[in-house]
Structure formats: structure tokens, C-alpha cells
Number of protein chains: 2
Amino acid sequence: MDPRRTPGQRAGLTRGAVLAGARALLAERGLGALTMRALAERLGVRPNTLYSHVADKDALLEELVDDALAVVPDPAGDADWRDELHRLMSASHRALLAAPELVPVTLGRGSRGPQAQRLGRGVTELLARGGVTGAPAREALRVLVLYTIGFAAFEVRPGFPDADPDERRTELGGTYDRGLQWLLAGIAGGRTGSG
Amino acid sequence: MDPRRTPGQRAGLTRGAVLAGARALLAERGLGALTMRALAERLGVRPNTLYSHVADKDALLEELVDDALAVVPDPAGDADWRDELHRLMSASHRALLAAPELVPVTLGRGSRGPQAQRLGRGVTELLARGGVTGAPAREALRVLVLYTIGFAAFEVRPGFPDADPDERRTELGGTYDRGLQWLLAGIAGGRTGSG
DNA sequence: ACCTGAACACCGTTCAAGT
DNA sequence: ACCTGAACACCGTTCAAGT
């Protein structure tokens with residue numbers, strides 16, 4: 001609220017502290033509560049101070065989204081490409097659910113950050129290992145990624161009136177994997193021209 | 001800007017006019033420009049006047065999203081269930097792309113409106129015609145819907161760095177259908193227990 | 001019932017000034 | 001380089017008052 005600081009005095013704020021504060025605010029009070037002003041107050045600083053560490057709110061969100069994918073591993077070199085693809089996408093799915101408030105943001109922008117690019121390279125590498133390259137590979141990558149993000153978005157904010165809420169929670173976990181299997185089967189089958 | 005109206009005088013505004021104005025504003029200037037105040041100005045009315053016709057901004061967006069699905073047909077009674085399912089989801093996909101600015105909103109809430117429910121019933125009916133009922137049907141519905149919305153979101157705001165922009169536009173149209181075919185094949189195959 | 005006037009409690013961001 | 005003070009140009013929404 002009141003920084004008790006006169007112009008020229010430092011607060012010792014770092015870019016990392018700003019991001020950490022944003023993550024905490026997001027987890028505790030949700031996306032709607034993540035405002036530059038609220039974040040500043042939490043950090044004991046004036047709102048405009050944040051602009052010394054972050055370009056703007058958009059850049060902050062973009063980085064938060066990308067960071068969420070940091071826990072997704074790189075593909076293992078020895079495993080079956082299809083199993084590994086499943087593992088990678090499933091890990092991405094879980095990573096998104098770990099920061100549910102960010103999922104809508106993810107969709108809104110598409111995440112071109114370094115982590116998203118790393119994930120893209122991993123998927124592309126596995127597809128190539130399975131003989132899927134070029135345009136079909138880009139097709140497959142796109143389908144897998146948007147399926148994963150899209151599904152996470154629906155899990156976060158369930159909207160389609162299809163089941164009673166009791167069943168929903170138990171069903172939901174397996175449903176993602178099921179659809180992912182269908183897609184992987186289609187991708188693998190497409191190699192021999194069955195599309 | 002200046003309504004030239006004193007308290008008590010009517011502007012002749014209707015709920016329909018408010019929605020139409022919102023749609024126009026959305027199409028012309030984008031989601032960011034769709035504010036209650038801008039909408040009011042466009043309608044020649046004070047901002048708070050809108051609250052005589054709409055509960056709040058959230059309700060307005062919700063209705064806009066749902067209305068966008070009105071062009072999706074009901075399933076035809078005589079066609080093959082899988083073809084018809086493809087037709088229905090493809091029409092939904094196109095309907096969303098016709099109002100690209102609304103797609104992020106769609107994801108954010110999940111659309112429980114009458115049109116979304118009608119679509120849900122149509123899909124469920126077709127699945128039943130193919131012998132898919134109960135929990136697997138709900139699974140399939142969920143996968144199809146989120147795939148469709150998720151894909152639309154990615155088309156609207158391309159983010160994944162995978163191809164040069166020239167190819168992208170030509171590839172994009174077919175990619176949705178391709179993934180949809182994979183999913184439908186998986187759903188149909190799942191009937192006989194190949195999951 | 002529909003509309004205005006005025007206000008409340010916010011936003012993100014910029015600019016000048018201090019050290 | 002990092003921070004404050006002050007301000008700009010906005011938001012969505014509510015409440016009382018007019019006809």
C-alpha cells in the first residue's frame with residue numbers, strides 16, 4: 001500500500017520476483033485478480049515500478065504461460081516414438097492443468113516462447129522418427145498441440161452439459177488419453193496413406 | 001456521444017439492437033474494442049442504458065457466442081452417422097471461424113446456451129445411431145467439441161512456429177478435417193473395443 | 001420500462017523527477 | 001537503473017431521478 005520510500009530509493013525488486021509474485025497472485029486469487037496494480041501492491045511497490053522489469057502486462061502473461069511448459073521433458077532417445085509422443089503430450093496436458101488459470105491465456109496467444117518451441121521440436125523429432133515429416137508432420141503437430149490445449153481449457157472450465165458432475169471428475173482424466181490415442185493412431189496410420 | 005435526450009425520453013433501443021450493435025462492433029474493431037461504453041456510444045445512448053437490456057457484459061458475450069452456432073444444422077435423418085457427424089462438426093468449425101473474435105470467449109466459458117445444447121443433442125443422437133452411448137458417448141462428444149473449438153482458436157491466432165506463412169493458409173483448411181477424420185475413426189473403432 | 005446524470009471503484013500505461 | 005508522484009485515458013457497474 002504505502003512503500004515508505006522516496007523517489008530514488010530502491011525496493012530491491014527483480015524481474016524474477018515480479019514473475020514469482022504474478023504466479024502467486026494467479027494461484028491464490030485467479031486471473032481476474034492479476035492486475036498490474038494488485039501485483040505492485042503485493043510486491044510493496046508503486047504500479048508503474050513494474051514497467052522497469054517487464055515490458056507490459058501482455059509480455060508478463062506470455063512469459064508465465066511459456067514457463068508453465070518448462071516441466072515437460074525432452075523426448076527419450078530409446079523409446080517407441082508413439083509411446084514417447086503420448087508421454088510428451090500427456091505431460092504438456094498435466095503442466096497446463098497445474099496452472100489452470102493460464103489455460104485461457106494460452107489459447108488466446110498461442111505461446112511462441114522458448115518452452116513452446118522446445119516442445120514443438122520434441123514432437124517434430126518424434127514424428128520424424130516414426131516416418132512422419134514435411135507437411136503431414138506440421139499437420140500432426142498442430143492437431144496434437146491444439147487438442148491438448150483445447151482439452152485443458154475444457155477441463156478448467158467445464159461447460160458442455162453432458163453428464164452429472166459426479167461422474168465427470170472420474171471420467172475426465174481418461175478422456176484426454178483416449179482422444180490422444182485416437183489421434184496418434186490416425187497419425188501413425190496416415191503414414192501408409194489411409195487418410 | 002451526445003444523446004440530446006433528457007431523463008425520461010426513450011431512445012427506442014431494444015435487446016436485439018444491443019446485440020446487433022455488439023456484433024457489428026466486434027466485426028469492425030475486434031474484441032478489445034467491444035466495451036460497454038463504446039457500444040453505448042455506437043447506439044447513441046449512455047453507457048448505463050445498456051443495463052436496461054442486458055444483465056451485464058458477461059451475459060452479452062455469452063449470448064453472442066451461442067448465437068454464432070445458430071447456423072449449424074440439425075442432423076439429417078437418412079445419412080450415414082459418421083458422415084453426418086463430420087458435417088455437423090465441420091459446420092460448427094466454420095461457424096466459429098465466421099466470428100473469429102468470439103473464439104477465445106467461447107473457450108473461456110464453454111457455452112451452455114441453447115444453441116450449444118442443441119448441437120450437443122445432435123452429436124449425441126448421431127453417436128447413438130452409430131451404437132455409441134453412455135459414458136463413451138459423453139467422452140466422444142467432449143473430444144469432438146473441444147477439438148473443434150480448440151482448432152478454431154489456433155486458426156484465429158496462429159502461434160506455433162512450424163511453417164512458413166505461405167504454406168500455412170493452404171494447409172490449414174484441410175488440417176481440421178484430417179484430425180476430425182482421425183477422431184471419428186477412433187470413435188467408430190472404439191465401439192468394438194479396440195481402445 | 002427505459003433513459004440520463006453522477007458517481008464509485010477500478011484499470012494499464014506514460015512522463016517527469018529524484019538518487 | 002530503479003523507483004515515486006502525478007496524471008491520462010480509459011473500464012464495468014450502481015444508484016437516484018426523471019417521464
Side-chain angles (χ1 to χ4, degrees), chain A residues 1-26 28-65 101-102 104-105 108-109, chain B residues 1-26 28-65 101-102 104-105 108-109:
Chain A
M1 200 69 155
D2 180 2
R4 302 250 173 268
R5 233 175 280 110
T6 61
Q9 293 187 13
R10 313 261 160 145
L13 203 58
T14 65
R15 177 179 178 78
V18 172
L19 287 167
R23 253 186 295 269
L25 198 52
L26 209 50
E28 289 168 21
R29 302 188 38 221
L31 185 61
L34 177 53
T35 68
M36 296 300 268
R37 298 180 106 101
L39 178 54
E41 176 153 354
R42 164 183 263 267
L43 296 169
V45 113
R46 298 298 186 197
N48 45 4
T49 302
L50 300 177
Y51 294 85
S52 294
H53 299 94
V54 158
D56 54 17
K57 188 181 180 179
D58 232 58
L60 197 164
L61 285 174
E62 202 119 15
E63 184 153 350
L64 286 180
V65 166
E101 293 284 348
L102 281 177
V105 182
R109 39 211 89 214
Chain B
M1 200 73 156
D2 180 3
R4 301 250 174 269
R5 232 175 281 111
T6 61
Q9 291 186 15
R10 312 264 160 142
L13 202 58
T14 64
R15 177 180 177 76
V18 171
L19 287 166
R23 254 186 294 269
L25 198 52
L26 210 50
E28 289 168 20
R29 304 186 40 218
L31 186 59
L34 176 53
T35 69
M36 297 300 267
R37 297 181 106 102
L39 177 55
E41 176 153 353
R42 165 183 262 266
L43 296 169
V45 113
R46 297 300 186 195
N48 45 4
T49 301
L50 300 177
Y51 294 85
S52 294
H53 299 93
V54 159
D56 54 17
K57 189 182 182 181
D58 231 58
L60 196 164
L61 286 174
E62 202 120 14
E63 184 153 349
L64 286 180
V65 167
E101 294 284 349
L102 282 177
V105 182
R109 38 211 88 214

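Everything quoted here is computed from the prediction, not taken from an experiment. Within every chain, numbering begins at 1; the chains are lettered A, B, ... in the order of the sequence lines, protein sequences first and strands thereafter.
For the pair B:His53 (side chain) and B:Leu13 (backbone), a donor-acceptor distance under 3.5 Å is present. Proximity of a side-chain donor or acceptor of B:Glu101 to a complementary backbone N or O of B:Gly30 within less than 3.5 Å is not detected.
In this structure, A:Leu34 and A:Leu61 have side chains that are in contact, with non-hydrogen atoms separated by less than 4.5 Å. Residues B:Pro47 and B:Arg37 meet the side-chain proximity criterion, which asks for heavy atoms closer than 4.5 Å. Counting only heavy atoms from C-beta outward, the side chains of A:Val45 and A:Leu39 never approach each other to under 4.5 Å.
Per the geometry, CG belonging to A:Leu39 stands 12 Å off P belonging to C:dT13, to the nearest Å. Atom pair B:Leu60:CG and D:dG12:P shows a separation of 11 Å (rounding to whole Å applied). Summarising the geometry, the separation between CE on B:Met36 and C1' on D:dT14 is reported as 13 Å, rounded to the nearest angstrom. One can place CG of B:Leu43 at 13 Å from C1' of C:dC3, the figure rounded to the nearest angstrom. When rounded to the nearest whole Å, the span between CG of B:Leu34 and P of D:dC11 equals 11 Å. The CG atom of B:Leu50 sits 13 Å away from the C1' atom of C:dT4 (whole-angstrom rounding). We find that CG of A:Leu31 is positioned 14 Å from C1' of C:dC11, with the value rounded to whole Å. If you take NZ of B:Lys57 and C1' of D:dG12, they are 8 Å apart, rounded to a whole angstrom.
If you check residues 10-22 of chain A against DNA chain D, the residues with a heavy atom closer than 4.0 Å are A:Arg10, A:Ala11, A:Gly12, A:Leu13, listed by number.
Across D:dA9 and C:dA9, the matching P atoms stand 23 Å from one another, rounded to whole Å. For D:dA17 and C:dA1, the C1' atoms lie 14 Å apart once the distance is rounded to whole Å. Comparing the same atom, C1', in D:dC3 and in C:dA16 gives a spacing of 13 Å after rounding to whole Å.
Within the structure, a side-chain polar atom (N or O) of B:Arg5 is placed less than 4.0 Å from OP1 or OP2 of C:dT4. Regarding contacts with the backbone of C:dC3, a side-chain N or O of B:His53 is found under 4.0 angstrom from either OP1 or OP2. The shortest distance between the side-chain N/O atoms of B:Thr49 and the OP1/OP2 oxygens of C:dC2 is not below 4.0 Å.
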Polar atoms only, N or O, under 3.5 Å: list the protein pairs with nucleotides 6-10 of chain D and their distances.
unit_1 : atom_1 : unit_2  : atom_2 : d
D:dA6  : N6     : A:Asn48 : ND2    : 3.1

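B:Glu63 has no carboxylate O lying under 4.0 Å from a charged side-chain N of B:Arg23, or vice versa, which leaves the two without a salt bridge. Ion pairing of A:Glu62 with A:Lys57 is absent here, as no side-chain N (NZ or NE/NH1/NH2) approaches a carboxylate O to less than 4.0 Å.
When each of A:Ser52 and B:Pro47 is assigned the nucleotide of DNA chain D bearing its nearest heavy atom, the one mapping closer to the 5' terminus is A:Ser52. Map B:Tyr51 and B:Gly8 each onto its nearest nucleotide of DNA chain D; the residue landing nearer the 5' end is B:Tyr51.
If you take CD on B:Gln9 and OG1 on B:Thr6, they are separated by 3.5 Å, rounding to the nearest 0.5 Å. Rounded to the nearest 0.5 Å, atoms CZ (A:Arg15) and CG (A:Leu50) are 12.0 Å apart.
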Output field dot_bracket for DNA chain D (Watson-Crick or G-U, both distances under 3.5 Å, | for other-strand pairs) contains ||.|||||...|||||.||

Carefully, step by step, assess A:Glu41 and A:Arg46 under the rule salt bridge (Lys or Arg N to Asp or Glu O under 4.0 Å).
-> CA-CA 7 Å; A:Glu41 176 153 354; A:Arg46 298 298 186 197; over 6 Å; no

